[in-house]
Peer 1: 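Would you mind keeping the following structure in view while I ask a few things?
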There are 2 protein chains.
Amino acid sequence: MKQLNSAFLTRLNRHVTLDSAERDAMHRLEGTAEPRSKRDPVFAADRPDDRIAILRSGWAASRVRSAGDQTTITQIYMAGDLIGLSDLGFRLPQHETTMQTDGTVNLLSRAELCDLGQSHPRLFAMLLSQSSLDATAMNDRLHAITRFSAEDRLMHFLLSIKSKTEQTTEQTSDRFPLPFSQKEIGDALGLTDIYVNRLLRGLQKAGQLVLSRPYIRITDRAAWEERLNFKDRYACLDVNWAC
Amino acid sequence: MKQLNSAFLTRLNRHVTLDSAERDAMHRLEGTAEPRSKRDPVFAADRPDDRIAILRSGWAASRVRSAGDQTTITQIYMAGDLIGLSDLGFRLPQHETTMQTDGTVNLLSRAELCDLGQSHPRLFAMLLSQSSLDATAMNDRLHAITRFSAEDRLMHFLLSIKSKTEQTTEQTSDRFPLPFSQKEIGDALGLTDIYVNRLLRGLQKAGQLVLSRPYIRITDRAAWEERLNFKDRYACLDVNWAC
DNA sequence: CGCGGGTTTGAGCCTACTCAACAGATGTGG
DNA sequence: CCACATCTGTTGAGTAGGCTCAAACCCGCG
């Protein structure tokens, strides 16, 4: 299979068929890929940046921090995700986004984004769809963190990571990567690293989980989804509404 | 002061100056207002609805529900807010949105939204800005719920409601409306109604709060903002980036 | 070899929950 | 207009889930 040049398009490709003009527009837009190492900021930290990024490979994460070591991981990005949409309404980035693994990104300015909106409204609609998907996933996550027990929260987190990896890569194996320390998982779930550890060990001991760093396998995914009433939003995305 | 016809424009008006063509476009788009009573769904529940709504007056709220009475209020909307952006990527609404007070809404189809994008890209950019603002507020909220103590969570909630009301109405009084039962506040914060009650009474007894249903007054707002390191995102919105 | 980041385990504690009961509103039908 | 049902708010007593503190272990790395 021919490797598409655009990570964003690769993602969309399973939902719509694009004409060649649209493909070309995206390719031109994405330009060249910049490498980033683990822990690097996605955007250079030194200057006010009005750009957005398309993550081409690797994982990234956004954090909110407050007094002391109070940290929350608010977003997790994988190949094809758009980074910086939530900063569009501000002059300065409100979010701190760093690479979670080594990877590459494409940077584009808001002006380029605008041009896209006018010349290819359908692509723009897809962008909106994608961002609505993120918002929906966020709502689900908020609900899980707000109302679930610690164990259910952890399960929900793992299921949603798994769903998202499936959106990105063609992969039928149950095994999927989990490039987070237990502390970081805690920061995503509102738990202590220590408690995350206990939960993981517990699940592993109960045979529900196989942990082989940095990979993980959920033994009986269907049972978990049943138990949590998990909805795979990624699976029912529909971007064919553009005029 | 002349009352603008568009709730969305009224909101934007403090950030940008719009030309008359843009105003006209919005007015045409919004069309007529439909009344809704408290607890009514914003969108008619019976048919798959591909529309989005602009809330013209009153408050609305979105909920996520899971097994039993596990409910989370994920979004709170006030006059001028756009409802349904997070469903754009789906055929069926993923979110259950109901009126929190009596009010009125304007409904528009996705097709109309698309037209707007092409004919008035600047308005579209503002729409994106607005939605990025919501996403940012959501991230802050996630952080608060994830890492704050119950009392801090409640304070954060009240501060953000207050900030949002200021965005909507020109109001210098410290007093602001809080059209939620204690159970609903709990659903927004991940707390029990009983515990919300204890917290509210405690704060009131400590003189930090004055409660006169359905209004509330924060006695020393600055102190709270200091304590929580509260950032008023609404205040620093910048929509002047359209090409 | 020492060092630091991540993981693992134990013991004790506190925050926020549960259950229960009642008082006040609000609303509804006769 | 009252009687009844329901929703909301208030308070008390007891419980437990997830936290804190502390210490060890593992592993890669300089």
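The sequence lines fix the lettering, A, B, ..., with proteins before strands; numbering per chain opens at 1.
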Peer 1: Would you kindly give the NZ-to-P distance between K205(A) and dT8(C), to the nearest whole Å?
Peer 2: 10 Å

Peer 1: For L178(A) and dG6(C), give me the distance from atom CG to atom P, rounded to whole Å.
Peer 2: 14 Å

Peer 1: Under 4.0 Å, counting only non-hydrogen atoms across every strand here, what does G202(A) touch: a base, just sugar-phosphate, or nothing?
Peer 2: nothing

Peer 1: Round to a whole Å and report the spacing from CZ of F180(A) to C1' of dT7(C).
Peer 2: 18 Å

Peer 1: Measure from OH on Y195(A) to P on dT8(C) and round the result to the nearest Å.
Peer 2: 16 Å

Peer 1: Let's go through K164(B) and D81(B) carefully: what are the C-alpha distance in whole Å and the side-chain angles of both, what is the deciding distance for salt bridge (charged side-chain N to carboxylate O under 4.0 Å, His left out) to 0.1 Å, and is it a yes or a no?
Peer 2: CA-CA 10 Å; K164(B) 202 166 157 122; D81(B) 276 327; 2.9 Å; yes

Peer 1: Check this for me: does any side-chain nitrogen of one of R227(A) and E225(A) sit under 4.0 Å from a carboxylate oxygen of the other?
Peer 2: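 Answer for the salt bridge query: no.
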
Peer 1: Sort out for me which residue in D87(A), T97(A), T72(A), T98(A) forms a side-chain hydrogen bond (donor to acceptor under 3.5 Å, both in side chains) with S62(A).
Peer 2: T97(A)

Peer 1: Is the closest basic N to carboxylate O distance between K162(B) and D174(B) below 4.0 Å?
Peer 2: no

Peer 1: Phosphate oxygens OP1/OP2 of dT8(C): is one of them under 4.0 Å from a side-chain N or O of R198(A)?
Peer 2: no

Peer 1: Given atom CG of D187(A) and atom P of dG6(C), what is their separation to the nearest angstrom?
Peer 2: 11 Å

Peer 1: Cation over ring, R175(B) on Y215(B), under 6.0 Å and within 45°?
Peer 2: yes

Peer 1: Roughly, in whole Å, what's the span from NZ in K183(B) to P in dT18(C)?
Peer 2: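 Atom-to-atom, K183(B) to dT18(C), this comes out as 11 Å.
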
Peer 1: May I have the step-by-step check of salt bridge (charged side-chain N to carboxylate O under 4.0 Å, His left out) for E166(A) and R221(A), ending in yes or no?
Peer 2: CA-CA 14 Å; E166(A) 284 171 344; R221(A) 186 182 177 186; 2.7 Å; yes

Peer 1: With nearest nucleotides of DNA chain C determined for Q182(A) and R153(B) from heavy-atom distances, which residue corresponds to the more 5′ nucleotide?
Peer 2: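 With Q182(A) and R153(B) compared, the 5'-side residue is Q182(A).
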
Peer 1: What is the distance, to the nearest angstrom, from the CZ atom on F148(A) to the P atom on dC17(C)?
Peer 2: 16 Å

Peer 1: Nearest to the side chain of I194(B), which nucleotide is it out of dT7(C), dC17(C), dA20(C)?
Peer 2: dA20(C)

Peer 1: Which part of the nucleic acid does G190(B) contact within heavy-atom distance under 4.0 Å: base, sugar-phosphate only, or nothing?
Peer 2: sugar-phosphate

Peer 1: Heavy atoms of chain B, cut-off under 4.0 Å: which first and last nucleotide of DNA chain D, 5' to 3', fall inside that, if you could look?
Peer 2: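 It runs dG9(D) to dA13(D).
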
Peer 1: Taking T136(B)'s backbone N and O only, do any of them form a donor-acceptor pair with S86(A)'s side chain (distance below 3.5 Å, no angle check)?
Peer 2: no

Peer 1: Whole-Å distance between dC22(C) P and N197(B) CG?
Peer 2: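 Taking CG of N197(B) and P of dC22(C), I get 18 Å after rounding.
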
